[in-house]
Number of protein chains: 2
Amino acid sequence: MARKTGSHSGITGPAVREAAQRLFAQHGFAAVSMRQIAADVGVQAGALYNYTPDKQSLLFDLMKTHMDELLEAWQAEKSDGTPLDRLEVFTRFHIRFHLDRPDAVFIAYMELRNLSPENFAAIEALRKRYEDELEQILSDGKQAGVFHQPDTKLATLALIAMLTGVTTWYRGDGRLTREGVADLYWDMVRKAVGA
Amino acid sequence: MARKTGSHSGITGPAVREAAQRLFAQHGFAAVSMRQIAADVGVQAGALYNYTPDKQSLLFDLMKTHMDELLEAWQAEKSDGTPLDRLEVFTRFHIRFHLDRPDAVFIAYMELRNLSPENFAAIEALRKRYEDELEQILSDGKQAGVFHQPDTKLATLALIAMLTGVTTWYRGDGRLTREGVADLYWDMVRKAVGA
DNA sequence: TATTGAAGTGAACGTATGTTCAGATAGTTT
DNA sequence: AAACTATCTGAACATACGTTCACTTCAATA
């Protein structure tokens with residue numbers, strides 16, 4: 001957490017978090033040293049401790065912020081239409097949000113092991129809340145007779161894995177636009193639940 | 001690589017690889033020390049260097065062996081039926097193979113960043129060969145008019161991500177059997193490609 | 001029984017780690 | 001101009017790392 005206000009030249013809390021996010025995503029949490037992060041923001045290692053109590057908190061802050069933003073963005077985007085409409089909105093939202101934050105997504109999925117037990121539980125709870133949003137849509141759609149997945153919980157996990165996978169291969173300079181990718185995933189999601 | 005034959009009490013090459021696999025999967029490659037691996041097999045750190053030239057080679061051996069086994073097992077399992085039959089065989093094979101090796105799968109997907117460039121290229125080539133197996137099935141099925149995915153390459157990546165995701169949540173003591181899980185994934189895969 | 005040689009020990013190597021802190025630096029306030 | 005205070009440096013702390021190696025151990029061989 002940053003101090004009140006920078007008084008001289010100075011780096012910023014966000015700058016530290018951005019550098020950490022980039023480096024953690026590129027090399028992994030355990031493989032990145034505080035000195036590397038410091039060098040990236042142009043400062044000595046000791047100065048980082050004005051912005052974070054320790055390295056572990058830096059990781060947790062990144063993951064917590066990411067999950068909070070995910071849930072908040074979804075609350076702002078979700079709508080009240082038919083299950084089919086809601087599923088399409090969810091699919092396109094998920095693709096867009098994740099393509100916008102490849103580093104944060106990578107960290108959120110890969111560095112869970114490096115969290116302390118309490119921190120891990122906190123992140124898992126947020127992840128579950130997000131999964132529940134999709135599960136509710138699938139559940140409503142099945143009740144309405146428009147979706148036909150035999151197991152709603154498994155379908156939830158399978159679809160999220162499929163959608164999140166986009167971050168592992170999509171490159172902005174490839175043959176597909178972001179909208180094109182979303183269209184194609186939506187086609188598969190809709191069919192997968194039998195709608 | 002292990003020496004010819006143990007002459008006294010002795011650990012074994014496989015024992016070292018198994019300990020490394022378990023620990024790498026649990027805590028991550030960079031977070032596990034050679035001393036931890038040594039302690040796990042009941043030996044001092046220096047003794048490990050009778051079985052591997054260095055830590056990096058230990059990781060590469062694990063990933064290479066995993067990918068070789070994956071491709072070899074698939075070659076033994078794949079059949080010559082209709083595209084729909086072949087897709088079902090692939091789906092059930094993938095689920096079964098991956099559920100049998102959660103640690104190896106975890107490492108193969110999470111530790112790519114810790115490989116040297118040459119080692120990375122080698123693993124990526126093997127992964128691509130596996131993806132091509134599924135892509136060929138999807139391509140044949142589309143040509144035959146039985147599958148209807150608009151983009152075969154994306155469908156390949158999406159389906160593999162969906163199927164591989166099973167390792168992140170499946171626990172043997174849960175409510176679903178391995179066969180039940182395979183049935184449910186097969187239902188989604190079939191529908192997702194419009195068959 | 002004497003010899004061999006692979007397997008393992010335990011200490012050492014140089015280097016790197018996360019974190020702390022006294023002191024220097026320099027805007028801001030009085 | 002003086003006092004204040006947030007910021008950053010640079011050195012130091014204890015600990016850990018991957019790797020090497022002279023030496024011991026001990027089953028198998030001759």
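Letters go in sequence order (proteins before strands), and every chain restarts at 1.
Between A:Tyr49 and the phosphate of D:dT7, there is no side-chain N or O to OP1/OP2 separation shorter than 4.0 Å. An OP1 or OP2 oxygen of C:dT17 is reached within less than 4.0 angstrom by a side-chain nitrogen or oxygen of A:Ser33.
The OH-P distance, from B:Tyr51 to D:dT19, rounds to 17 Å in whole Å. Distance, B:Leu58 CG to D:dG18 C1': 12 Å, rounded to whole Å. Here the C1' atom of nucleotide C:dT19 and the CD atom of A:Gln56 are 15 Å apart, to the nearest Å. Remark: P of D:dC8 and CG of A:Leu48 are 10 Å apart, rounded to the nearest angstrom. Spacing between atom CG of B:Asn114 and atom P of D:dG18 amounts to 12 Å, rounded to whole angstrom units. Atom-to-atom, NZ of A:Lys55 to P of D:dT15 comes out at 19 Å; the value is rounded to the nearest Å. The nearest whole Å value for the distance from the CZ atom in A:Arg35 to the P atom in C:dT19 is 11 Å. Between the CD atom of B:Gln44 and the P atom of D:dT25 there is a distance of 15 Å, rounded to whole Å.
B:Asp132 and B:Arg127 are not joined by a salt bridge, as no carboxylate oxygen comes within less than 4.0 angstrom of a charged side-chain nitrogen.
Applying the side-chain hydrogen bond (donor to acceptor under 3.5 Å, both in side chains) test to pairs two or more places apart or on separate chains, those with a residue in residues 186-195 of chain B are B:Asp187-B:Arg190, B:Asp187-B:Lys191.
If you check every strand for non-hydrogen atoms under 4.0 Å, A:Val32 touches sugar and phosphate atoms only.
Classified by interplanar angle (parallel below 30°, tilted 30° to 60°, perpendicular above 60°), the ring pair A:Tyr130/A:His94 is parallel.
Side chain of A:Met34, nearest nucleotide from C:dT9, D:dT7, C:dT19: C:dT19.
Geometric assessment of B:Lys55 against the ring of B:Phe29 yields a positive cation-pi assignment under the 6.0 Å and 45° thresholds.
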